[in-house]
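For reference, the structure is listed below as structure tokens.
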Amino acid sequence: MKQAVTYELLHICKQSGARRGVIHTPHGDIQTPIFMPVGTQATVKAMTPEELKEEVEAQIILANTYHLFIRPGHELIKEAGGLHQFMHWDRPILTDSGGFQVFSLGDLRKIREEGVDFRSHLDGSKKFISPEIAIEIQEALGSDIMMAFDECCPYPSSYEYTKQSMERTTRWAYRCKNAQQYQEKQALFGIIQGGFYKDLRQQSVNDLIQMDFPGYAIGGISVGEPKEQFLDILNFTTPLMPDDKPRYLMGVGTPDYLIEAAIAGIDMCDCVLPTRIARHGTAMTTYGKVVVRNAVYERDFTPLDPECDCYTCKNYTKAYIRHLINTKEILGVRLLSIHNLRFLTKLMDSVRIEIEKDNLLTFRDTFYQNYGYTSK
């Protein structure tokens, strides 16, 4: 059977081992490594699809299964012709399974083998998501890449709890695969769990590989642990993943984590960070974060980042954006969102170029020095 999504390896960086590739999907090719903007409610906050394509140059975006299940409902989106039609986006879409959001509800949810009972964060109404329902929702949404329904352990968690959680995630992955109907239209990725225990990560990878998913994700890291632990599990797990399929690291969006992910051999990352910090008046720049709402920028008539090619930096100053943020004008959030998203997509453009030049470690060290990071 023809698979909806396939991976093509183009180059391996001799200096770092990072991969340069292409993911082929029904709605177009994705050049990797890639940062994927998050459109939780079928929109990347404050952005039009045209801005995402023309100003940000986003190749793929995410949408959130849990939130769209709660509102407006997957049946309505299916009636509209699917998510691409509903939100006027003609490039690839990845939908997460809703697992992370459900497990973030804490006391509002109860996990059992069948699935998860929970109360809506909006009105408290009773809801239920199982692996089968997660697939039903995502098939109605019509995303190019669907994620298996998994359980994401909190950090820290005991070995015993993490083991039970990981094994349940494996059983749920099997149920997701059995529930899927349209392998030629949508790809279903498995999610590797196991917390911060290497033997559990190894077992999770081994079990999921047996199911032969067209792609694999690392879940359950970048959840509040120290950076050393993050890098340890990332660099342990990634080499265990198949070479001929996309590798996705979930929930990562700071420049250093994106670069380290690429060095580890990851192809795809996502995070709400660039638009979230934009709403609080913060920009990522070549020379570190700029908290533009601060008084020091009141009379700063220079761009956010002199090296950035985005619409915001070509047309507006820190002083003006500071004024917009401090008067709570929507335009300020929009301009910062455009900049932050473009900063990360441009960063990954550079990462791909440096991989092809076998120069990624040198690039990382220079980038870190400018940004204010220290190399590991």
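FYI, the numbering just counts along the sequence from 1. Here the structure is a predicted model, which is why all the values come from computation and not from measurement.
Note on Glu57 versus Lys53: no salt bridge recorded, every NZ/NE/NH1/NH2 to OD/OE distance being 4.0 Å or above. Taking the charged nitrogens against the carboxylate oxygens, Arg171 and Glu113 do have a contact shorter than 4.0 Å, which makes a salt bridge. With salt bridges taken as basic N to acidic carboxylate O contacts below 4.0 Å, one links Lys227 and Asp256.
Cys176 SG to Gln180 CD: the interatomic distance, rounded to the nearest 0.5 Å, is 9.0 Å. Separating the CE atom in Met284 from the CD1 atom in Ile277 is a distance of 4.0 Å, to the nearest 0.5 Å. Note that CZ of Arg201 is 7.5 Å distant from CD1 of Ile192, once rounded to the nearest 0.5 Å. For the atom pair Asp150 CG and Ile191 CD1, the distance stands at 3.5 Å (nearest 0.5 Å). In this structure, Met146 CE and Thr65 OG1 are separated by 9.5 Å, a value rounded to the nearest 0.5 Å. Annotation: the span from Cys308 atom SG to Leu347 atom CG amounts to 11.5 Å, rounded to 0.5 Å.
The shortest distance between side-chain heavy atoms of Ser143 and Gln186 falls below 4.5 Å. Residues Thr162 and Ser157 have side chains in contact (heavy-atom distance under 4.5 Å, counting atoms from C-beta outward). The closest side-chain heavy-atom distance from Leu341 to Phe35 is below 4.5 Å. Residues Asp243 and Arg19 have side chains in contact (heavy-atom distance under 4.5 Å, counting atoms from C-beta outward). You'll find the side chain of Leu94 reaches within 4.5 Å of the side chain of Met268, heavy atoms only. No side-chain heavy atom of His24 sits under 4.5 Å from any side-chain heavy atom of Val5. By the 4.5 Å heavy-atom criterion applied to side chains, Thr282 and Arg293 are counted as neighbours. Looking at Leu324 and Leu335, their side chains come closer than 4.5 Å, going by heavy atoms from C-beta outward.
Checked by atom type, the side-chain pair Tyr248/Asp270 shows a donor-acceptor distance below 3.5 Å. Side chains of Tyr311 and Glu51: no donor on one and acceptor on the other come within 3.5 Å. For the residue pair Gln31 / Arg20, a side-chain donor-acceptor distance below 3.5 Å is found, with atom types taken as modelled. A donor-acceptor contact under 3.5 angstrom links the side chains of Thr362 and Gln15, judged on distance only. Between the side chains of Thr286 and Asn370, not a single donor N or O lies within less than 3.5 Å of an accepting N or O. For the residue pair Thr95/Gln138, the side-chain donor-acceptor check at 3.5 Å is satisfied. Looking only at atom types and distance, the side chain of His88 has a donor-acceptor partner in the side chain of Glu50 under 3.5 Å away. A side-chain donor from one of Arg342 and Thr345 sits under 3.5 Å from a side-chain acceptor of the other. Of the N and O atoms on the side chains of Thr302 and Lys318, at least one donor lies less than 3.5 Å from an acceptor on the other residue.
Summarising the geometry of Pro154 relative to Tyr161, their closest heavy-atom pair is CD-CE2, 4.1 Å, with the distance given to 0.1 Å. Closest of all the heavy-atom pairs between Ala262 and Val351 is CB-CG1, 3.8 Å. The nearest pair of heavy atoms linking Pro26 to Ala4 is CD-O, 3.3 Å. Taking every heavy atom of both residues into account, Leu83 and Ala63 meet most closely at CD2-CB, 3.6 Å. Closest heavy-atom contact between Tyr371 and Thr285: CE1-O, 2.9 Å. The shortest non-hydrogen separation linking Val223 to Cys152 is CG1-SG, 4.5 Å.
Annotation for Lys185: atom NZ does not count as buried by contact number, only 12 or fewer foreign heavy atoms lying within 6.0 Å. Counting heavy atoms of neighbouring residues, nucleotides and ligands inside a 6.0 Å radius, atom NE2 of His11 exceeds 12 of them. Within a 6.0 Å radius of CZ in Arg279, other residues, nucleotides and ligands contribute more than 12 heavy atoms. The environment of CD in Glu79 is sparse: at most 12 heavy-atom neighbours from other residues, nucleotides or ligands sit within 6.0 Å. The environment of NZ in Lys177 is crowded: more than 12 heavy-atom neighbours from other residues, nucleotides or ligands sit within 6.0 Å.
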Salt bridge (charged side-chain N to carboxylate O under 4.0 Å, His left out) between Lys78 and Glu139, worked out
CA-CA 9 Å; Lys78 184 176 183 180; Glu139 287 184 337; over 6 Å; no
Apply the test side-chain contact (heavy atoms from CB on, under 4.5 Å) to residues Glu354 and Cys13: give CA-CA distance (whole Å), side-chain angles for both, the deciding distance (0.1 Å), then the verdict.
CA-CA 8 Å; Glu354 299 301 330; Cys13 176; over 6 Å; no
Show, in sequence, the C-alpha distance, side-chain angles and deciding distance for Lys198 and Ile233, and conclude whether the side-chain contact (heavy atoms from CB on, under 4.5 Å) test is met.
CA-CA 7 Å; Lys198 290 181 179 176; Ile233 293 298; 4.1 Å; yes
Stepwise, does the side-chain contact (heavy atoms from CB on, under 4.5 Å) test hold for Glu184 with Gln3?
CA-CA 5 Å; Glu184 71 286 355; Gln3 291 288 344; over 6 Å; no
Assess the residue pair Ile111 and Glu151 against the criterion (side-chain contact (heavy atoms from CB on, under 4.5 Å)); give the C-alpha distance rounded to whole Å, side-chain angles, the decisive distance to 0.1 Å, and a yes or no.
CA-CA 9 Å; Ile111 306 166; Glu151 181 180 349; 3.5 Å; yes
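Taking the six-membered ring where tryptophan is involved, the planes of Phe149 and Trp172 are essentially parallel, since the angle between them stays under 30° and well short of 60°. Ring geometry for His84 against His27 counts as parallel: the plane angle stays under 30°, on a 0 to 90° scale with 60° as the upper cut. Note: Tyr197 and Tyr159 have perpendicular aromatic rings, judged against thresholds of 30 and 60 degrees for the angle between ring planes. Under the 30°/60° scheme for interplanar angles, the aromatic rings of Phe230 and Tyr257 are found to lie parallel.
Taking the six-membered ring wherever Trp is involved, the centroid distance between the rings of Phe196 and Tyr155 falls below 6.0 Å. Between Phe69 and Phe128, the gap from one ring centroid to the other reaches at least 6.0 Å.
Linking Ile, Leu, Val, Met, Phe, Trp and Tyr residues whenever their side-chain heavy atoms come within less than 4.5 Å leaves Leu62 and Val56 in two separate clusters. The hydrophobic clustering, which links ILVMFWY residues whose side-chain heavy atoms are closer than 4.5 Å, places Met241 and Tyr7 apart. Put simply, Tyr316 and Val333 are part of the same group of oily side chains (I, L, V, M, F, W, Y) that touch within less than 4.5 Å, one to the next. Hydrophobic clustering (side-chain heavy atoms under 4.5 Å, transitive across Ile, Leu, Val, Met, Phe, Trp, Tyr) groups Ile221 together with Ile259. Note on Val38: it does not cluster hydrophobically with Ile93, by side-chain heavy-atom contacts below 4.5 Å among ILVMFWY residues.
Geometric assessment of Lys245 against the ring of Tyr216 yields a negative cation-pi assignment under the 6.0 Å and 45° thresholds. A cation-pi arrangement, defined by a distance under 6.0 Å to the six-membered ring centre and an angle within 45 degrees of its axis, is absent between Lys289 and Phe343.
Considering Glu132, Glu114, Glu136 in turn, Glu132 is the only one that fulfils the salt bridge (Lys or Arg N to Asp or Glu O under 4.0 Å) rule with Arg175. Evaluated for a salt bridge (Lys or Arg N to Asp or Glu O under 4.0 Å) with Asp117, the options Lys126, Arg112, Lys110, Lys127 yield exactly one hit, Arg112.
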